[in-house]
Amino acid sequence: MRRFYLTLTFLSVFLSFSIAQKQYQLKSPNGKFELNVETGEKICYSLKHENTTVIISSPLSMSLSNNKVLGIKSKVKNVRRRKINENIPTAIYKRNQIRNHCNEMIMTFREGFQLIFRAYDEGVAYRFVVTENKPFQVISEEVTFNFDDDYMTYVPYVRGGKNKKVEEQFFNSFENVYTHVNLSDMAPNQLAFTPVVVELKDGKKLCIAESDVESYPGMFVRNEDHSTSLKGVFAPYPKTTIQGGHNKLQQLVTERENYLADCSGKRNFPWRIAIVSSKDKELLDNDMVYKLAAPSRIEDTSWIKPGKVAWEWWNNCGLSGVDFKAGVNNLTYKAYIDFASRHGIEYVILDEGWAVNLKADLFQVVPEIDLKELVAYAKSKNIGLILWAGYYAFERDLEKICKHYSELGIKGFKVDFMDRDDQEMVDFHYRGAKIAAKYHLMLDYHGTYKPTGMNRTYPNVINFEGVHGLEQLKFTGSEKVDQVTYDVTMPFIRMVAGPVDYTQGAMRNGSKRNFRAINEEAMSMGTRCRQLAEYVIFEAPLSMLCDSPSLYEREVECTSFISDIPTVWDETIALDGKISEYISMARRKGNTWYVGALTNWERRTVEFDLSFLGEGEWMAELYKDGMNANRIASDYQKMVIAVPQNRKLTVNLAEGGGCALKLYKK
């Protein structure tokens with residue numbers, strides 16, 4: 001009798017579990033992705049791509065105030081499915097339209113929330129939606145990526161995080177090179193900012209990213225227990241802040257709340273994205289972050305004019321052969337304006353120094369600068385001016401600053417030193433974009449986190465830093481950083497998120513043996529043609545010319561290539577590439593194509609397949625590494641050649657080298 005009772009009890013529990021545990025499946029349009037969602041005690045998801053296991057069962061949940069947890073013992077109310085197949089026109093991007101094609105599954109739960117899953121041919125994404133219109137706080141969010149093996153991964157750790165507590169790492173510049181390490185060997189006490197890439201079986205790669213991060217903190221990842229899992233980590237909401245940091249232009253968090261986000265009611269939460277590539281080059285062509293973002297909130301974008309910028313900070317106002325003392329003064333900026341005008345460069349930036357230091361007040365201009373005169377002079381030369389602004393100085397008088405400088409004739413601001421991505425700081429980014437758009441001002445968010453689709457929602461925000469850019473080489477020697485390898489790694493990871501304010505264009509170039517970190521006469525690591533190719537490879541609608549007009553004037557051929565190249569494109573094609581080794585891309589504007597290639601520190605022969613050109617006779621203006629570029633990095637050769645009828649072109653790249661082509665019909 002006792003045995004019979006136990007059997008009935010077991011059967012009852014088993015049946016109860018079977019009823020509660022349900023599975024839902026979503027496939028991509030091409031059928032290669034299979035996303036499985038299990039509900040029951042916890043909501044878990046898993047992902048396969050063809051025959052490759054991508055993510056094994058991983059829980060997801062969100063804890064809200066009043067002890068409410070979304071994703072634990074949650075009951076499905078209904079499930080709706082739909083197919084999305086549309087073209088998204090873009091305002092300022094690497095292609096003029098994007099195909100948005102996916103299958104969607106909307107799971108509605110009785111507890112007042114939804115989970116939306118989308119399966120694309122290139123990856124999957126999910127997001128939480130709270131449907132109850134009551135104020136609440138998000139206490140925590142469980143984001144997990146569980147893997148079936150100890151895969152190698154590319155992670156950008158928070159710089160200096162090794163010696164800091166986790167809560168101290170939320171304040172950081174989002175700039176670092178990549179560490180290539182097994183999942184289980186990741187530093188348990190260090191945060192890594194996203195995107196990150198995990199190497200799967202079969203040569204496939206998984207890129208973890210996010211999109212539509214509005215009024216919510218950005219996602220870091222961490223592996224604190226030497227497992228084969230990555231877990232999302234988020235900065236709690238600031239409780240108290242003080243003015244401080246760089247030249248008192250930052251807000252430093254002195255204490256944080258016990259929650260992540262304060263929410264007024266019904267709302268969407270960020271998309272968590274898993275992108276999978278069969279070939280590395282597919283990561284270069286991915287649009288998921290852009291197409292998952294909220295549509296543009298600017299109806300008329302015709303006033304937003306991307307372009308190139310003559311920039312004085314990197315070259316330290318390095319003019320030579322002039323009869324005045326170069327520095328932060330009108331004569332210097334007029335020289336930069338004259339240079340820009342001669343070469344068809346659209347903008348000149350006044351970087352840090354034009355406003356009185358340590359005042360955090362953008363209405364206090366140093367006596368050496370007469371902005372009204374400079375704006376008038378620039379206008380007479382058909383050049384727009386952009387002003388650098390420290391975060392706190394910009395934020396504290398946001399609307400007054402935008403109104404005043406827009407009326408003065410300024411075209412935009414480069415806003416710097418945010419160095420946080422908690423909810424309060426993310427809110428500033430959106431508020432700044434909205435008010436700047438009201439006054440027809442463009443924004444370059446420097447000193448900030450990676451883009452998460454804001455460049456679609458507010459196209460006037462046309463650049464983001466969050467990249468280990470060329471500026472680092474003013475201060476960091478080759479014994480501490482390998483920028484050449486970074487250059488052929490970053491586009492497969494960080495650039496998946498969107499544009500980079502990398503600031504290329506150096507005319508002083510150093511080989512591996514000769515490179516030195518020099519502040520006054522800064523140089524790049526790698527060859528001259530590498531710098532030219534980066535204008536093709538790196539996505540940057542507002543693209544800096546980092547070096548001195550004096551040097552550009554001596555380098556007529558290179559300057560002509562840089563000044564002619566577009567910064568937004570009608571079409572982009574990733575030609576070839578292997579993460580951390582080499583990369584080649586083609587981009588089209590109108591009837592002209594540009595092609596660029598970069599290699600790491602290995603000499604390499606690349607063959608370009610130019611079959612995308614179609615019929616007709618085509619010419620190629622080719623810039624390639626010179627015969628002695630391995631020793632003298634500035635050595636290059638320019639050639640104008642006919643594109644072969646078989647559309648195959650072979651070019652030799654030097655160590656740390658590159659090449660660039662401009663292709664046009666004969």
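Just the heavy atoms: all of them, side chains too, but no hydrogens, waters or symmetry mates, feed the values below. Given the structure is predicted, the values throughout are model-derived calculations rather than measurements.
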Going by the angle between their ring planes, with limits at 30° and 60°, are [X] and [Y] parallel, tilted or perpendicular?
{"X": "Phe428", "Y": "Phe394", "result": "perpendicular"}
{"X": "Trp313", "Y": "Trp311", "result": "parallel"}
{"X": "Phe417", "Y": "His246", "result": "parallel"}
{"X": "Tyr502", "Y": "Phe538", "result": "tilted"}

Stepwise ring-ring contact (aromatic ring centres under 6.0 Å, His included) test for His343 and Tyr552: CA-CA 10 Å; His343 295 278; Tyr552 287 125; 8.2 Å; no

Evaluation steps, side-chain hydrogen bond (donor to acceptor under 3.5 Å, both in side chains), between His180 and Glu199: CA-CA 10 Å; His180 193 209; Glu199 298 180 315; 3.1 Å; yes

is_close_aromatic(Tyr178, Tyr486), centroid dist under 6.0 Å: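 Yes: the rings meet the under 6.0 Å criterion.
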
Distance flag, aromatic centroids of Phe464 and Tyr449, threshold under 6.0 Å: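 Not close enough - the centres of the two rings lie 6.0 Å or further apart.
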
For Thr527, the option from Asn630, Asp625, Thr599, Asn509 that meets side chain to side chain donor-acceptor pair (under 3.5 Å): Asp625

Result of checking Gln251, Glu424, Gln250 against Thr241 for side chain to side chain donor-acceptor pair (under 3.5 Å):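 Checked Gln251, Glu424, Gln250 against Thr241; only one passes side chain to side chain donor-acceptor pair (under 3.5 Å): Gln251.
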
So, [X] and [Y]: side-chain donor and acceptor under 3.5 Å apart, yes or no?
{"X": "Glu312", "Y": "Tyr333", "answer": "yes"}
{"X": "His468", "Y": "Asn176", "answer": "no"}
{"X": "Arg528", "Y": "Ser634", "answer": "no"}
{"X": "Lys662", "Y": "Thr592", "answer": "no"}
{"X": "Ser320", "Y": "Arg554", "answer": "yes"}
{"X": "Glu621", "Y": "Tyr623", "answer": "yes"}
{"X": "Tyr93", "Y": "Asp287", "answer": "yes"}
{"X": "Thr332", "Y": "Asn329", "answer": "yes"}

Ion pair [X]/[Y], N-O distance below 4.0 Å:
{"X": "Glu282", "Y": "Lys205", "answer": "no"}
{"X": "Arg588", "Y": "Asp570", "answer": "yes"}
{"X": "Asp564", "Y": "Lys308", "answer": "no"}
{"X": "Glu553", "Y": "Arg342", "answer": "yes"}
{"X": "Glu655", "Y": "Arg603", "answer": "yes"}
{"X": "Arg508", "Y": "Glu521", "answer": "yes"}
{"X": "Glu465", "Y": "Arg494", "answer": "no"}

[X], [atom1]: over 12 other non-hydrogen atoms inside 6.0 angstrom:
{"X": "Lys291", "atom1": "NZ", "result": "yes"}
{"X": "Lys638", "atom1": "NZ", "result": "yes"}
{"X": "Lys434", "atom1": "NZ", "result": "no"}

Determine yes or no for a side-chain-to-main-chain donor-acceptor pair under 3.5 angstrom, with [X] supplying the side chain and [Y] the backbone.
{"X": "Asp421", "Y": "Pro217", "answer": "no"}
{"X": "Ser563", "Y": "Ser560", "answer": "yes"}
{"X": "Trp271", "Y": "Leu292", "answer": "yes"}

Do [X] and [Y] touch side chain to side chain, with heavy atoms closer than 4.5 Å?
{"X": "Val568", "Y": "Lys94", "result": "no"}
{"X": "Asp482", "Y": "Asn600", "result": "no"}
{"X": "Asp444", "Y": "Met544", "result": "yes"}
{"X": "Asn189", "Y": "Arg222", "result": "yes"}
{"X": "Thr90", "Y": "Ile98", "result": "yes"}

Audit row: Asn514, Ser511, side-chain hydrogen bond (donor to acceptor under 3.5 Å, both in side chains) steps and yes/no: CA-CA 5 Å; Asn514 295 339; Ser511 65; 3.2 Å; yes

Stepwise ring-ring contact (aromatic ring centres under 6.0 Å, His included) test for Phe561 and Tyr594: CA-CA 10 Å; Phe561 178 85; Tyr594 287 82; 5.7 Å; yes

Test salt bridge (charged side-chain N to carboxylate O under 4.0 Å, His left out) applied to Glu210 and Arg272, step by step: CA-CA 5 Å; Glu210 57 180 342; Arg272 309 291 170 220; 2.6 Å; yes

Quick check: closest heavy atoms across [X] and [Y], and the distance to 0.1 Å?
{"X": "Phe174", "Y": "Arg420", "value": "CE1-N, 3.9 Å"}
{"X": "Asn316", "Y": "Asn519", "value": "CB-O, 4.4 Å"}
{"X": "Ile345", "Y": "Val309", "value": "CG2-N, 3.9 Å"}
{"X": "Cys546", "Y": "Asn315", "value": "O-ND2, 2.9 Å"}
{"X": "Lys589", "Y": "Pro566", "value": "CB-CG, 3.6 Å"}
{"X": "Leu362", "Y": "Ala389", "value": "CD1-CB, 3.6 Å"}

Stepwise side chain to side chain contact (heavy atoms under 4.5 Å, CB included) test for Trp593 and Glu571: CA-CA 9 Å; Trp593 283 91; Glu571 189 176 356; 3.6 Å; yes

Derivation of the side chain to side chain contact (heavy atoms under 4.5 Å, CB included) call for Ile410 and Ile386: CA-CA 6 Å; Ile410 295 299; Ile386 295 171; 5.8 Å; no

Value rounded to 0.5 Å, distance of CD1 in Ile462 from OG in Ser543: 10.0 Å

Test side-chain hydrogen bond (donor to acceptor under 3.5 Å, both in side chains) applied to Glu122 and Asn286, step by step: CA-CA 8 Å; Glu122 63 267 36; Asn286 195 278; 4.6 Å; no

Stepwise side-chain hydrogen bond (donor to acceptor under 3.5 Å, both in side chains) test for Trp314 and Asp547: CA-CA 7 Å; Trp314 194 82; Asp547 225 323; over 6 Å; no

Partner of Phe220 by ring pair (Phe, Tyr, Trp, His ring centres under 6.0 Å), out of Phe193, Phe170, Phe234: Phe170

Pair Lys624-Leu653, side chain to side chain contact (heavy atoms under 4.5 Å, CB included): steps then yes or no: CA-CA 7 Å; Lys624 67 175 187 176; Leu653 308 182; over 6 Å; no

